[in-house]
Each structure stands twice: as structure tokens, then as C-alpha cells.
**Student:** 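Below: one structure in C-alpha cells.
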Amino acid sequence: MAFAAVLRVLWQFFLYLRTDVYVLITTMLGCVDLHTTSVRLLRNRFLRLRGRTEGLADESLWHPVDRRAARWYSWLIVVGYTFNLGTFLLALAPVFVEMVSGAVSRFGREGSSWVELLDSSAFLIMAFWQTALTIWIAARERLRARTSRTHHVIG
């Protein structure tokens, strides 16, 4: 239980999400939309780094408080993504692999009771159904977006 509690606390520092820590920061600073401003600033920096000037967001349209805070908060978004990836690789993935391998091994082990097999089946279905559903929804939405961009000139 402590492992799950620690992960929930770490989740608050994934600053690319609009977590409670994000709300606290924006409230204390008096920001209007710090997240959007920071993401656009990061995109502008990336485009300039690649030598591209087309597609840059107009920074004069941003709220002045957001623009000042985005200079440093945008780097926290990058840190948040890095922290998330590190948490996944060092904490979640090893635990998930261990749990899946333990559940699968029950099917090959002689003497596993029907309760253990039912438990393993339920765990594997719940673990992989979420991922399968997420992939299916993302693919469906991507296909819808692609087909809605298609325009027929004969009409």
C-alpha cells in the first residue's frame, strides 16, 4: 500500500498535467492559463532551435503574468515528462512485469487451484483490457480526424 501511496504523491509532480501542484502554483502567481502558455513557449523554442519561424505562436497575445511564469515553468514541464518516464521505467514497469509473469506462471504450474487461476485470469483481463481499449479509442479518433480532413472537390 505504501508503494501505491508514494506513486500517488509522485503523480502530483508530473507538471505537464494540471495537477493540484499546478493549480497551487497558478493560483499563487495569479496566472490565467500557464499550461497553454508554457506549452506554446516550448514549441516556439523548439521551432527556433530547428531554424523554423513559420508556425510560431504570437507571444504578444499571452497574458503578461503567464508569459513571465512560462519562462521557468516550461522547463518544469520538461522535468515532469522526464520524471514520469523515470517513474515508469524504474517503478511501474518492473512491478507490472513481475505481476504479469506471476499471473501467467500460475497457468503452467501444476497444482494451481481454480481460485488462483480465476484470480490470474481476472488480473490479466483487467490489466490488458485497459490498454487495448485505450489503443482502440486512440486509433478510432485518429481515423475520424483523418477522414474529417478529407474534402471532395466534386460535389
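For the single chain, residues carry numbers from 1 onward in sequence order.
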**Student:** Please round to the nearest 0.5 Å and tell me the distance separating atom CG of D119 and atom CG of L124.
**Tutor:** 9.0 Å
**Student:** Could you tell me whether W129 atom CH2 has more than 12 heavy atoms of other residues or ligands within 6.0 Å of it?
**Tutor:** no
**Student:** A side-chain contact here means heavy atoms from C-beta on lying under 4.5 Å apart; do L47 and T53 qualify?
**Tutor:** no
**Student:** Between W72 and M28, is there a shared hydrophobic cluster once you connect ILVMFWY residues whose side-chain heavy atoms come closer than 4.5 Å?
**Tutor:** no
**Student:** Does D20 reach the side chain of L24, with side-chain heavy atoms less than 4.5 Å apart?
**Tutor:** no
**Student:** Before accepting this row, confirm whether a basic side-chain N of the pair D58/R40 lies closer than 4.0 Å to the acidic partner's carboxylate O.
**Tutor:** no
**Student:** Looking at side-chain heavy atoms only, is the closest gap between T19 and Y22 below 4.5 Å?
**Tutor:** yes
**Student:** Without swapping roles, check the side chain of S74 against the backbone of L42 for a donor-acceptor pair under 3.5 Å.
**Tutor:** no
**Student:** Specify the closest pair of heavy atoms between T27 and V23, including all atoms of both residues, with the distance to one decimal.
**Tutor:** OG1-O, 2.7 Å
**Student:** How close do T131 and A127 get, counting heavy atoms only, and between which atoms?
**Tutor:** OG1-O, 3.6 Å
**Student:** For residues Y81 and L85, determine if any side-chain heavy atom of one lies less than 4.5 Å from a side-chain heavy atom of the other.
**Tutor:** no
**Student:** Can any side-chain N or O of R48 pair as donor or acceptor with the backbone N or O of L56 at less than 3.5 Å?
**Tutor:** no
**Student:** Does atom CD of E54 have more than 12 heavy-atom neighbours, drawn from other residues, nucleotides or ligands, at distances under 6.0 Å?
**Tutor:** yes
**Student:** Test your reading of the model: is there a side-chain donor-acceptor pair from R67 to the backbone of E59, 3.5 Å cut-off?
**Tutor:** yes
**Student:** Hydrophobic cluster membership, with links at side-chain heavy-atom distances under 4.5 Å among I/L/V/M/F/W/Y: are I77 and W75 in one?
**Tutor:** yes
**Student:** Could you see if V78 belongs to whatever hydrophobic cluster contains V21? Use Ile, Leu, Val, Met, Phe, Trp, Tyr and a side-chain cutoff under 4.5 Å.
**Tutor:** yes
**Student:** Around F88, counting heavy atoms of other residues, nucleotides and ligands shown, do more than 12 lie under 6.0 Å from its CZ?
**Tutor:** no
**Student:** Between V100 and L89, is there shared hydrophobic-cluster membership here, with clusters defined by ILVMFWY side-chain heavy atoms closer than 4.5 Å?
**Tutor:** yes
**Student:** Can you see which heavy atom on R106 is nearest to which on S120, and at what distance?
**Tutor:** CD-OG, 2.8 Å
**Student:** With a 4.5 Å limit on heavy-atom distance, are the side chains of Y73 and L29 in contact?
**Tutor:** no
**Student:** Looking only at non-hydrogen atoms, find the nearest pair between D66 and T37 and report the distance.
**Tutor:** CB-OG1, 3.5 Å
**Student:** Is V65 close to V32 at the side-chain level, that is, under 4.5 Å between some pair of heavy atoms?
**Tutor:** no
**Student:** At their closest point, which heavy atom of A70 faces which heavy atom of R45, and how far apart are they?
**Tutor:** O-NH2, 4.4 Å
**Student:** Return the minimal non-hydrogen interatomic distance between N44 and A57, and the atom names on each side.
**Tutor:** OD1-N, 2.8 Å
**Student:** Measuring from W62:CH2 to D33:CG, what's the distance to the nearest 0.5 Å?
**Tutor:** 11.0 Å
**Student:** Are there more than 12 heavy atoms of other residues, nucleotides or ligands under 6.0 Å from atom CD of E98?
**Tutor:** no
**Student:** Quick one: pull up CZ in F107 and CD in E116 and give me the separation to the nearest 0.5 Å.
**Tutor:** 10.5 Å
**Student:** So V95 and M99, side-chain contact (heavy atoms from CB on, under 4.5 Å) or not? Walk me through it.
**Tutor:** CA-CA 6 Å; V95 169; M99 290 172 68; 3.7 Å; yes
**Student:** Side-chain heavy atoms under 4.5 angstrom apart, residues restricted to Ile, Leu, Val, Met, Phe, Trp, Tyr: same cluster for V104 and I125?
**Tutor:** no
